[in-house]
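Step one of this worksheet: look at the structure below.
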2 protein chains.
Amino acid sequence: MNKKTPKQYEARAKVVKALAHPSRLLMLDLLQQQEMNVRELTIEVEADQSTVSKHLAILKEVGLVEVRKEGAMSYYRVACGCLSGFFSCIEAVLQSDLKDRQESMQ
Amino acid sequence: MNKKTPKQYEARAKVVKALAHPSRLLMLDLLQQQEMNVRELTIEVEADQSTVSKHLAILKEVGLVEVRKEGAMSYYRVACGCLSGFFSCIEAVLQSDLKDRQESMQ
DNA sequence: TTAAAATATGGTAAAATTACCATATTACCA
DNA sequence: TGGTAATATGGTAATTTTACCATATTTTAA
């Protein structure tokens, strides 16, 4: 087991931070199914266009999504194949924690 | 593909937020190998004991770690088996993003 | 060339996160 | 009982994050 440096944990944390917002999780969920442009995502997220654009910049900055320009439009897509496993883990934590809470109420 | 509610994304985000800090990532890394008490973790993290205690409370709140009391000491351990897959994904994002940046410099 | 559509970005106020200090609480031991 | 060790928690200042408005930039169409 190799010892990691603080820098490495900071790099990891930066990626995790990019994932740590409800709207960005929703966008990634949508983008996993198909690429979408900013206008389409803005409708789904129900926030200001500038807000969605900034969320996308955060995801792009850490390499979670990629862009393809088509005319005036920007089509975004997920850039890594491991996200579904990622979400499964989060979901598992939520489920087991729910179970724990139910058991502790008996 | 089931449509998810805003509440569900908020619940997910809460778990991801708990993961989104360098010190907490380090602690989870350590706790994956063996359970540790607060004093031991405090030494590793190199922060105030109260700071570490609060980090642990955040991880516990969302069900990522569990505690076992032994006298005056609290031994913490990881509460889900999927974390290594989680970290592999983060690591993959970091690696591919690094590669992208290198390629774009050519 | 103007106008409109699509996206990105600067600015800013509000909210959330973070770290440390001080201190409370609990357990153990002399 | 008094003292110490281990942990948790309240308070607070500093930092970070967030959302929206206003506006800049780019592209397409009239």
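Protein chains get the first letters and strands the later ones, always in sequence-line order, with residue 1 at the start of each.
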Looking at side-chain heavy atoms only, is the closest gap between [X] and [Y] below 4.5 Å?
X      : Y      : result
K17(B) : V16(A) : no
V67(B) : K60(B) : yes
R12(B) : E91(A) : yes

Using whole Å, what does the distance between atom [atom2] of nucleotide [N] and atom [atom1] of [X] come to?
X      : N       : atom1 : atom2 : value
I58(A) : dT17(D) : CD1   : P     : 8 Å
D48(B) : dT7(D)  : CG    : C1'   : 12 Å
E35(B) : dA6(D)  : CD    : C1'   : 16 Å
E61(A) : dT17(D) : CD    : C1'   : 15 Å
H55(B) : dT7(D)  : NE2   : C1'   : 16 Å
E10(A) : dT15(D) : CD    : C1'   : 15 Å
R68(A) : dT26(D) : CZ    : P     : 20 Å
K60(A) : dT9(C)  : NZ    : C1'   : 13 Å

Describe the nucleic acid contact of Y75(A) in one word from base, sugar-phosphate, nothing, applying a heavy-atom distance below 4.0 Å.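 No contact.
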When all nucleic acid strands are considered with a 4.0 Å heavy-atom cut-off, which category describes T51(A): base, sugar-phosphate, or nothing?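 Base contact.
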Once base and sugar-phosphate atoms are separated, protein heavy atoms under 4.0 Å mark nucleotides 25-30 of chain C, 5' to 3', with B, S and - as --SS--
Under the side chain to side chain donor-acceptor pair (under 3.5 Å) test, residues paired with E70(A) that sit two or more places apart: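 Side chain to side chain donor-acceptor pair (under 3.5 Å) check on E70(A) returns R68(A).
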Nearest-0.5 Å distance that lies between atom [atom1] in [X] and atom [atom2] in [Y]:
X      : Y      : atom1 : atom2 : value
T42(A) : H55(A) : OG1   : NE2   : 10.0 Å
L26(B) : L30(B) : CG    : CG    : 4.5 Å
K4(B)  : F87(A) : NZ    : CZ    : 8.5 Å
L64(B) : L56(B) : CG    : CG    : 11.5 Å

For [X], enumerate each residue passing the salt bridge (Lys or Arg N to Asp or Glu O under 4.0 Å) test, keeping only those at least two apart in sequence or located in another chain.
X      : answer
R24(A) : none
K14(B) : E61(B)
E10(A) : none
E40(B) : none

Test for a donor-acceptor pair under 3.5 Å between the base of dA8(D) and the side chain of Q49(B), counting only N and O atoms.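 Such a pair exists between side chain and base.
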What's the shortest heavy-atom distance between [X] and [Y], and which atoms?
X      : Y      : answer
L25(A) : A13(B) : CD1-N, 3.4 Å
F86(B) : C89(A) : CD1-SG, 3.9 Å
L31(A) : M36(A) : CD2-N, 3.6 Å

Let me have the donor-acceptor pairs involving side chains of residues 73-85 of chain B, under 3.5 Å, with sequence neighbours excluded, atom names and distances please.
residue : atom : partner : partner atom : Å
S74(B)  : OG   : K69(B)  : NZ           : 3.4
Y75(B)  : OH   : N37(B)  : ND2          : 3.4
R77(B)  : NE   : E66(B)  : OE1          : 3.3
R77(B)  : NH2  : E66(B)  : OE1          : 3.3

Can you give me the N/O atom pairs linking the protein to nucleotides 2-4 of chain C at distances under 3.5 Å, or say none if there are none?
none

Please list, for nucleotides 10-17 of chain C, all pairs of protein and nucleotide N/O atoms separated by less than 3.5 Å.
residue : atom : partner : partner atom : Å
dG10(C) : O6   : K54(A)  : NZ           : 3.0
dG11(C) : O6   : K54(A)  : NZ           : 2.6

dA8(D) phosphate, OP1 or OP2, under 4.0 Å from Y76(B) side-chain N/O: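 Y76(B) to dA8(D) OP1/OP2: side-chain N or O found under 4.0 Å.
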State whether S74(A) places a side-chain N or O below 4.0 Å from either non-bridging phosphate oxygen (OP1 or OP2) of dA6(C).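 No, outside the criterion.
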How bent is the helix from dT1(C)-dA30(D) to dA30(C)-dT1(D), measuring the angle between the end axes built from five pairs each, rounded to 10°?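 The helix from dT1(C)-dA30(D) to dA30(C)-dT1(D) shows an end-to-end axis angle of 10°.
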Residue-level proximity of residues 36-47 of chain A to DNA chain C when a heavy atom falls under 4.0 Å: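 Contacting residues: N37(A), V38(A), R39(A).
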Any salt bridge (charged side-chain N to carboxylate O under 4.0 Å, His left out) involving residues 41-54 of chain A? Give me the pairs, sequence neighbours left out, ordered by first then second residue.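 Applying salt bridge (charged side-chain N to carboxylate O under 4.0 Å, His left out) to every pair that reaches into residues 41-54 of chain A, excluding sequence neighbours, yields E44(A)-K3(B).
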